[in-house]
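Reviewing the structure listed below.
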Amino acid sequence: MKSTNYKRHLKYYFQHSDEIKCVSRKTKKFILGKKLNKRKLKERLADVVITENPYPEPATISDDFCPKCGCESAKHTGNMSSYPEVWSQSYCIRCGFLLGEADNSRWYSALEFPEHNYELH
């Protein structure tokens, strides 16, 4: 029963061109879960541990989520340039916030920059 509901919600989501704003409230709640309140989001942000790795490797983050809404779902663009170049981005499904990107360098996550209000640009 649970798997058929999951498939039904995902089918409905993908039929609406991957835009979560275009699907019903029930489907959003099923795919994304409930939204965190501000207090829980601040606690979760305070608990994040970031470990820097040598240059080619991205930093290790203990908990990967959106710093604006607490959502764990993300939409990845994939590589948006020809082979030798690397340019990919990741966005939050719920709020559209830029979560991470790589532009001919290692992967940078928004959680690595709390001093810039978690903004990458």
Side-chain angles (χ1 to χ4, degrees):
M1 174 90 174
K2 181 88 170 169
S3 66
T4 58
N5 282 341
Y6 184 71
K7 288 178 184 177
R8 181 174 56 91
H9 287 295
L10 281 181
K11 180 181 173 186
Y12 186 71
Y13 170 67
F14 287 121
Q15 284 177 347
H16 287 82
S17 68
D18 301 338
E19 284 293 325
I20 200 70
K21 296 173 184 172
C22 299
V23 298
S24 68
R25 188 180 312 159
K26 187 176 182 180
T27 302
K28 284 182 198 175
K29 189 175 175 184
F30 190 85
I31 293 173
L32 300 175
K34 292 186 176 182
K35 193 172 179 181
L36 291 178
N37 60 21
K38 288 183 181 182
R39 182 179 58 84
K40 288 186 179 182
L41 183 60
K42 286 180 183 178
E43 288 175 2
R44 194 169 177 189
L45 284 170
D47 292 340
V48 171
V49 177
I50 299 170
T51 307
E52 291 293 329
N53 293 329
Y55 170 66
E57 298 296 320
T60 305
I61 300 173
S62 62
D63 190 11
D64 199 16
F65 60 94
C66 176
K68 296 294 179 190
C69 67
C71 180
E72 294 179 357
S73 300
K75 179 170 56 173
H76 299 277
T77 60
N79 195 9
M80 298 185 293
S81 62
S82 59
Y83 166 65
E85 304 292 322
V86 175
W87 180 34
S88 61
Q89 296 176 332
S90 174
Y91 294 95
C92 176
I93 289 180
R94 179 177 279 144
C95 65
F97 185 73
L98 180 63
L99 298 176
E101 80 175 339
D103 189 11
N104 288 333
S105 61
R106 72 176 186 87
W107 182 262
Y108 288 102
S109 176
L111 291 171
E112 296 178 46
F113 304 102
E115 63 275 1
H116 299 294
N117 199 17
Y118 302 103
E119 297 281 337
L120 287 175
H121 295 286

List the steps and the verdict of side chain to side chain contact (heavy atoms under 4.5 Å, CB included) for Thr77 and Tyr91. CA-CA 8 Å; Thr77 60; Tyr91 294 95; 4.0 Å; yes
Do any N or O atoms from the side chain of [X] and from the backbone of [Y] form a donor-acceptor pair under 3.5 angstrom?
X: Glu119; Y: His116; result: no
X: Asp103; Y: Gln89; result: no
X: Asn53; Y: Ala59; result: no

Quick check for you: to the nearest 0.5 Å, what is the distance between [X] atom [atom1] and [Y] atom [atom2]?
X: Arg8; Y: Leu10; atom1: CZ; atom2: CG; answer: 11.0 Å
X: Phe97; Y: Cys92; atom1: CZ; atom2: SG; answer: 9.0 Å
X: Glu72; Y: Arg94; atom1: CD; atom2: CZ; answer: 10.0 Å
X: Lys34; Y: Lys29; atom1: NZ; atom2: NZ; answer: 5.0 Å
X: Cys71; Y: Ile31; atom1: SG; atom2: CD1; answer: 10.5 Å
X: Leu32; Y: Ser73; atom1: CG; atom2: OG; answer: 5.0 Å

Do [X] and [Y] share a hydrophobic cluster (ILVMFWY, side-chain heavy atoms under 4.5 Å, transitive)?
X: Trp107; Y: Val86; value: no
X: Leu98; Y: Ile93; value: no
X: Tyr12; Y: Phe30; value: yes
X: Ile50; Y: Leu99; value: yes

Looking only at non-hydrogen atoms, find the nearest pair between [X] and [Y] and report the distance.
X: His76; Y: Ser90; result: CE1-OG, 3.3 Å
X: Leu111; Y: Pro67; result: CD2-CB, 3.9 Å
X: Trp87; Y: Asn79; result: N-OD1, 3.0 Å
X: Ile61; Y: Val48; result: CG2-CG1, 3.9 Å
X: Ser105; Y: Tyr108; result: OG-CE1, 3.5 Å
X: Pro58; Y: Arg106; result: CA-NH1, 3.7 Å

Close side-chain approach of Asn117 and Lys68, heavy atoms under 4.5 Å: yes
Q | Side-chain heavy-atom pair Pro114, Leu45 within 4.5 angstrom cut-off | A |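 No - every pair of side-chain heavy atoms lies 4.5 Å or more apart.
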#### Entry: Side-chain donor-acceptor contact under 3.5 Å, Ser62 with Asp47
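No.
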